[in-house]
Each structure stands twice: as C-alpha cells, then as structure tokens.
Number of protein chains: 2
Amino acid sequence: MKKGNTRDVILHTASELFQRQGYHGTGLNQIIEKSGAPKGSLYYHFPNGKEEIAIEAIKLMGHHILESAREDLSEKDTAIEAFQHHVAKIADVFDGKACVDGLQIGLIASEMASSHESIRLVCQSAYENWQTLYTECLQRFDFETERAKELAVVINSLLEGASILAQTNESGWPLRAVAKQLPALLVH
Amino acid sequence: MKKGNTRDVILHTASELFQRQGYHGTGLNQIIEKSGAPKGSLYYHFPNGKEEIAIEAIKLMGHHILESAREDLSEKDTAIEAFQHHVAKIADVFDGKACVDGLQIGLIASEMASSHESIRLVCQSAYENWQTLYTECLQRFDFETERAKELAVVINSLLEGASILAQTNESGWPLRAVAKQLPALLVH
DNA sequence: GTCTATAAGAAGATAGAC
DNA sequence: GTCTATCTTCTTATAGAC
C-alpha cells in the first residue's frame, strides 16, 4: 500500500477491487474498509462519487500496465524474446492468486461500455496507449509501421483474452500457450 | 424472444443482460421486467435464486456459442478460411450495437472467478467445450493433435480479447485485425 | 404456477458538526 | 479534511394467498 495521501490510498485500493470484482461488484464501503482511509473523506476527494473514482482508478491501472510493459519489453534483443518475456511474467502472476495490476481493465470496460460512455472512453484511451507502446517496440525491431500497428492490436487481444482464461482456470497456462505461438505471429 | 415456457424466457433474458452488464450489474427485478415473465414465479423455477439463474444462463450461452461456431467452421475448405469466416461473422455483429450471444462469458468469469467457485467452474467448462470444438476442427484440417489443442487456446484467447476491444471501441475492427493475422498462426 | 406484500439488508449519496 | 448520522433507493429473498 502506498503511503501517499488519502486520495491515493483510496484510488489504489479501488483499482485493486475493481479489477477483481468489477464496478458493480465493488461497494464504496468496501473500498473505505479495505483502504483504511477515513470514511468521511470519500466525497471530499471525489465529489462525483463512484464514477469519478472508477475513472481515476482506470487511469491509474493504465499507467501501471504501461510501466511494467515498458520495462519487460526493453530487456531483450528480439521482438519474439521481448514479448515472450512480457507474457511469461504475466503468466507467473496468474499462477499465484493475484491478478496483474492494470491488466484487467477489460472487466470494467465490458460491464460499463454500454451504459457509461465516460468510462468506456477512459478504457479506450488506456488500450490505445498500450497498443502504442507495443507498436513502438515492434518498430524498434524493424517491423513496418502498419504491420506493427496491426500486430499490437492482436497482441493486446491475445493478452486480454488469455488473462480471462487464466483467471477462469486459476493458472497461467493459457498465457504460456500464447507465448509459445508468438514466434509464428512475429515474422517479418 | 423464445416462446417457450416461463423458465426459458427468464433464462434467455438473464443471459442477455448478464453478458452486457455483468452479474452484479444485473438485478433480478430487471430480468423480470425485461422478460415480461410473471414476477412471482422466479423463485419457483430457480429456488437457489440469482446464482442458480446465472449458472443456467452461462450453460445456455455456452451452447449458443458452440452452435454458431460449429456452423461457421463447417462452411469452408481450409482452416484459415474457416476461422477467418468465423471471426468475420463475429466482427459484423460488433459493428452493430449488439454483442454476440455466448461470447461474453468472459465478463461473468472475470468478476465471479475469485468469489463464486461454482460459477467459475461453469465458465471453465464452457471454455473447454469451445476449445474442444476448435481442436476437432483443426484436426480435421490435418493439424497434429497437440498443436491443434494449443492453437485452440490461442484462438479462444484471441476472440475473447478482441471482443472486449470491439466493445470498448464500438466497432468490429479489432476482430478484423485478428482475422488478418490468422494465416500466420495457422501454418502447419 | 403465479401473485402480492414485505422483510432485511446494502447500495450510493448528502447534510451538518467538528 | 474528517466524522457521524441519515435519506433514499435498490437489492435479494421469503411468506402466504390464490
């Protein structure tokens, strides 16, 4: 848990709960209890209530996933190695109980896309940033721009989908299956 | 809407709502209202309440996706054509407002995996059936058994993830990006 | 099989004291 | 910035008549 101010503590806790239980599955009381944040200060820091908390939490998730992805992808010398390393690290997390911070934007995106336009847009923007990072990485490894963009979308889909399967199976093996097929996908 | 008995009407409506709003986002009242089913009969048909409705609804989704996938995959002469056709049909649905019936098991799986073991298991089983169908299809096109199984997991991930992106972007283009890269994946 | 009424609790949100 | 109390609404679930 971060040691920042109350606002950050609430946001960090909300982010974690939203990813595991979704928007509607997470109560404001639960966020308060788990974070240990002062109960009365919630609507002081987030005057627009739950929706505002969700929007800020999603932005936070987006930053986290971007940071760790950037780190994973910078450690190897080929595109295949880089992305396999990235996927392998995610797989390891799913072998434990946890889910990767930032990876499960998809849950909120799915349940809110049809009802809360503002939340849908924040999710869309998070995915765009993520795909941009992938695209830049692929370009660095000499993939042509248009193909890099397309592959970024595919890899994004692959990770999002395999994460759901991993959660459902309580195991990282779906992600390892994905990692194994990456070389076929990443040919010039 | 089906014309079957009350139980089927409730189940069909619940299935649709769960897929768009998730488990916690869907109220029993909403299911009753939208289905037009008699309000008093809910706990007669589903004595175990919401959880029982969800479990039966997920099974229904699993059957629907299996049926339409089986149909899509049987119409072509190569694995690449077959799966591209399958993905293209799903993409078309996302261009409209709707989501594909059965495809969004992932939403319920994600939000319930950590709290309701029984629901997690039903989702797991639905994914298994789906992957088995893919595996059999790939074997029919001369893929070796082990490789067919692995590819089935990857295609399953790909579709599940791309569907989330499609919903978030309110467009089928992520699925078309996936379809375009399928040939690279489906090499013998 | 269906209907009404209602329990019992939790949800999000607000007001006003401190 | 934080605390307490409260309001309203909605949730799941049950009881008992028809």
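Note on naming: letters A, B, ... go to the chains in the order of the sequence lines (proteins, then strands), and numbering restarts at 1 for each one.
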Between atom [atom1] in [X] and atom [atom2] in [N], what is the gap in whole Å?
X       : N      : atom1 : atom2 : result
B/Gln30 : D/dC10 : CD    : C1'   : 12 Å
B/Glu52 : D/dT12 : CD    : P     : 15 Å
A/Leu28 : C/dG9  : CG    : P     : 21 Å
A/Ile10 : D/dG1  : CD1   : P     : 12 Å
A/Ile31 : C/dG12 : CD1   : C1'   : 11 Å

Is it the case that over 12 heavy atoms from other parts of the model lie below 6.0 angstrom from the NZ atom of A/Lys89?
yes
key: A/Tyr134 ring center within less than 6.0 Å of A/His86 ring center   = yes
Next on the checklist: Would you call the rings of A/Tyr23 and A/Phe18 parallel, tilted or perpendicular, taking 30° and 60° as the class edges?
Outcome noted: parallel
- Okay, side chain of B/Glu71, backbone of B/Glu67: is any donor-acceptor separation there less than 3.5 Å?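 No, the answer is negative, given that no donor and acceptor are paired below the 3.5 Å cut-off.
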Hey, is the main chain of A/Glu81 close enough, under 3.5 Å, to the side chain of A/Thr78 for a donor-acceptor pair?
yes
Please confirm whether the shortest side-chain N or O distance from B/Asn29 to OP1 or OP2 of D/dT11 is below 4.0 Å.
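Result: yes.
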Residues passing the salt bridge (Lys or Arg N to Asp or Glu O under 4.0 Å) test with B/Arg140, sequence neighbours excluded, are none
Would you jot down, in residue-number order, the residues of residues 17-25 of chain A having a non-hydrogen atom under 4.0 Å from DNA chain C?
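DNA chain C contact set from residues 17-25 of chain A: none.
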Short of 4.0 Å, heavy atom to strand atom, which residues of residues 38-50 of chain B count as contacting DNA chain C?
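Only B/Pro38, B/Lys39, B/Gly40, B/Ser41, B/Tyr44, B/His45 qualify.
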Quiz item: Should A/Glu146 and A/Glu144 be marked as a side chain to side chain contact (heavy atoms under 4.5 Å, CB included) after you check the CA-CA gap, both sets of side-chain angles, and the distance that decides it?
Solution: CA-CA 6 Å; A/Glu146 275 314 303; A/Glu144 182 258 334; 3.5 Å; yes
| request: Please report the C-alpha distance between A/Lys34 and A/Glu16 in whole Å, then the side-chain angles of each, then the deciding distance to 0.1 Å, and finally whether the salt bridge (Lys or Arg N to Asp or Glu O under 4.0 Å) criterion is met. | output: CA-CA 10 Å; A/Lys34 172 147 189 181; A/Glu16 197 182 319; 3.3 Å; yes
